[in-house]
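Since the structure comes first, as structure tokens, the remarks are kept for the end.
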Protein chains: 2
Amino acid sequence: MPAEKSGAAKPIRVALLGCGTVGTEVVRLLTDQAGELTQRIGAPVELAGIAVRRLNKERDVPKELLTTDAAGLVTSDDVDVVVEVIGGIEPTRTWLLDALRSGKSVVTANKALLAEHAADLFEAADASGADLYFEAAVAGAIPLLRPLRESLAGDRITRVMGIVNGTTNFILSAMDATGAGYGETLEEASRLGYAEADPTADVDGFDAASKAAILASLAFHTRVTAADVHREGIAQVSAADIAAAKGLGRTVKLLAICERVVSDGTESVAVRVHPAMIPRSHPLASVNGAFNAVFVEADAAGEMMFYGRGAGGAPTASAVLGDLVAVARNKVVSGRGPRESAYAALPVQPMGNTPTRYHISLDVADKPGVLSQVAAVFAEHDVSIAAVRQEGRTEDASLVIVTHAASDAALRSTVDKIGGLPVVREVVSVMRVEGAE
Amino acid sequence: MPAEKSGAAKPIRVALLGCGTVGTEVVRLLTDQAGELTQRIGAPVELAGIAVRRLNKERDVPKELLTTDAAGLVTSDDVDVVVEVIGGIEPTRTWLLDALRSGKSVVTANKALLAEHAADLFEAADASGADLYFEAAVAGAIPLLRPLRESLAGDRITRVMGIVNGTTNFILSAMDATGAGYGETLEEASRLGYAEADPTADVDGFDAASKAAILASLAFHTRVTAADVHREGIAQVSAADIAAAKGLGRTVKLLAICERVVSDGTESVAVRVHPAMIPRSHPLASVNGAFNAVFVEADAAGEMMFYGRGAGGAPTASAVLGDLVAVARNKVVSGRGPRESAYAALPVQPMGNTPTRYHISLDVADKPGVLSQVAAVFAEHDVSIAAVRQEGRTEDASLVIVTHAASDAALRSTVDKIGGLPVVREVVSVMRVEGAE
């Protein structure tokens, strides 16, 4: 006999904020799976209302549920759970704080809001005993935040590294496949619907930086906001960079990297988003197009990878519904999900101090002594060289250098100085390198 | 200010059953991370006792905690949570039932027990309001069961397919790399410690079948036991099978496959463990050695993959600790984790009815008309051929056939009949095929 009972349990009433692609999918799944969800939760889930900006837009949801009064809806006595899929900071933040303060549990997909105001939201949730869940905010449908918050809660996470933005991954995959430059590939991505009309949030790394902040906060039990994340987008990635990567058996990906750094016995956290070369044999190298994948390393568990669809209406709605089932179950059994865990309060390392590795590709004069001049600059900055490849041509020669790990600041200074050497005709490509060979 | 408080909360008292590789790691992690765990749980965790068979064995745990009285320990008033890492069915089952009935939450890594007696355990948990968690039972450190039970609780899972046994994966990876036969590769695996002295549970697929039963139960909200799982091991996989797979750009893996099958509008579940050829481009193909990886497909979420270490003391202990934190948190906030969800109660399909695809490699007489005779047998059994490759040689010829999906029973009959054709000199290799090309 199944353990979950349906019976006469009081329905869980849900307010939905936003009715775009994700919101419409949430309504569809709630409706199509009503019977199943009742069994899984132990009580039926009902939509109490859907807050939208304009009532008269064509939508595939019950019209009678629509309202423009989001502020009234989120604090209504008729609502137990608020699901937010609007995005943006204000007025969303105010609505969610009001909802949490009045004891409604909140499920949100809003990465930008969480990356800036998670602490306020958690505090409001804590004050009233409400739940705050946000699986859909990072890596879409991939169960990633729950594993970090719960499955690995007995382990010490040391590193989270992944591809968390589908638009930039689509563009870099296409550049790798075609050899085309950034500009024309972005145009193609827009034409195919893989890039927004204004692609800034994606291509400049803002979206990935928000997600990195959320991942780092959960992984390291430390408050990390978007402002703490070193951020570089993909607009500077050239066809020459992609070609240089190929020549070394590597490919270029926009990575979000969250690391626990131990230096002189002191722990800190380094969080960064930037393009990097990874070996083609690395599992992240074969993550193409709109897919996301995230590597997690922990002391006892070792290395893990999570892979799946990082965006889109249905995948995001799946993550939202999973959270909705969790908070609804908690309501039914008067339980509570995990609260904020920020006790470790580790300092966030500035990028300059973060250990990284560089790939540098140079066009140099084809004469003896060039390597020794270049190598001297590395030595001067205390940067150790891991590999060098030198190829002569008729007029000039190419020199490719991959470094060992050094502070990012030392590596940058090295590159600056090398660019000024008379024997160096052009710095063809400079890019960070990640992943073991 | 961090939300989790330590303060004067009542300690959570843990009884550990078993002190082998995993148990010792659990004790080590509990001790090393005591401060962190207190913060994460909101109360300290303390070991109340460790039940072992023999007290005088050399172990790296506090001697004063050891006891041979497991039955007394699990029902002691001094215990809140029981962690079981002994394995086996009895007396473990009795101890865990007693623990659950007396209100202790249970964390177990015991796949064999869960695959046979999950229903009894859940019933006992339900009667007293205790939690039953078992992340470590499947795929070691990989967070997989929590995603299935919770993250995807708002979605409709259609398929779970993965590599869930490290020993067989190590052997098949090695056979693929060296071209060696099963027997000598198993010996090598034993020598290197990748196979047990008695490897039956692994190589005959019992371990994978238990895990498949657990995965199917969670994915399809249906009680599936080990007896419901069609099981074939790897002892019959020959060097010729591996070579045939290579010739087709495929590799052989032991897969656990749980599917939702819809036929004539009726839903059922098919659960099976057997070796299968998958394309080398499939993400599971590059999962080598002791690693595990599991694909999950759901209607809204699409395709996901989970990858990591499937066994070993530390990875298993990580999963156990994650569950321990969860049940301890639930104790602190008087909450409850997810209960059994078996409401769907779908029928389990016999293997003969399950749609599969076959690869068949034959040595045949090198004369005209062979293909037409062989193809006639397929047609007679209503099995459609997807691809044929024919190669002539001096004396005889080889014929390689890959079918479209048909019922496994029809495919088996086809193979039997073909083996008896006078033009067929030898059936070199027969193996199921999985994964899109």
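Chain letters run A, B, ... following the sequence lines, proteins first, then strands; residues in each count from 1.
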Legend entry - Minimal non-hydrogen separation, B:G302 against A:R309, with atom names: CA-NE, 4.3 Å

Legend entry - chain B contact via A:E36 - which portion, at a heavy-atom distance below 4.5 Å: both

Legend entry - Engaged part of B:L324 at the chain A interface, taking heavy atoms whose separation is under 4.5 Å: neither

Inset, instruction - Enter the distance from A:I157:CD1 to B:S318:OG here, rounded to the nearest 0.5 Å. - result: 8.5 Å

Inset, instruction - Output the distance between atom CE (A:M305) and atom CD1 (B:I142), rounded to the nearest 0.5 Å. - result: 10.5 Å

Legend entry - Contact winner vs chain A - B:E25, B:H221, B:R336, heavy-atom pairs under 4.5 Å: B:H221

Inset, instruction - Taking all heavy atoms of A:S341 and all of B:R40, pick out the closest pair and write down the distance. - result: OG-CG, 4.3 Å

Inset, instruction - Identify which part of A:S286 has an atom lying under 4.5 Å from any heavy atom of chain B, answering side chain, backbone, both or neither. - result: neither

Legend entry - Option that, when pairs with chain A are counted at under 4.5 Å, heavy atom only, ranks first among B:V325, B:D155, B:V333: B:D155

Legend entry - Under 4.5 Å from a heavy atom of chain B, the part of A:R28 involved: neither

Legend entry - Sub-4.5 Å side-chain heavy-atom contact between B:P147 and A:F306: no

Legend entry - Side-chain heavy-atom pair B:R329, A:E150 within 4.5 angstrom cut-off: yes

Inset, instruction - Enter the distance from B:F295:CZ to A:Y307:OH here, rounded to the nearest 0.5 Å. - result: 6.0 Å

Legend entry - Pairwise distance CZ(A:F291) to CD(B:E303) - rounded to 0.5 angstrom: 6.0 Å

Legend entry - Distance-only donor-acceptor check, side chains B:S151 and A:R146, under 3.5 Å: yes

Legend entry - Rounded distance (nearest 0.5 Å) linking atom CG of A:D32 with atom CZ of B:R156: 10.5 Å

Legend entry - From A:L152 atom CG to B:E135 atom CD, the distance as rounded to the nearest 0.5 Å: 9.0 Å

Legend entry - Side chain, backbone, both or neither of A:Q33 within contact of chain B (heavy atoms, under 4.5 Å): side chain

Legend entry - Most contacts with chain A, counted as non-hydrogen pairs under 4.5 angstrom, among B:P143, B:P283, B:G308, B:G129: B:P143

Inset, instruction - For each of B:A153, B:A141, B:A119, B:G335, tally heavy-atom pairs with chain A at distances under 4.5 Å, and name the one with the top tally. - result: B:A153

Legend entry - For A:L37 against B:G154, the heavy-atom pair lying closest together: CD2-CA, 3.9 Å

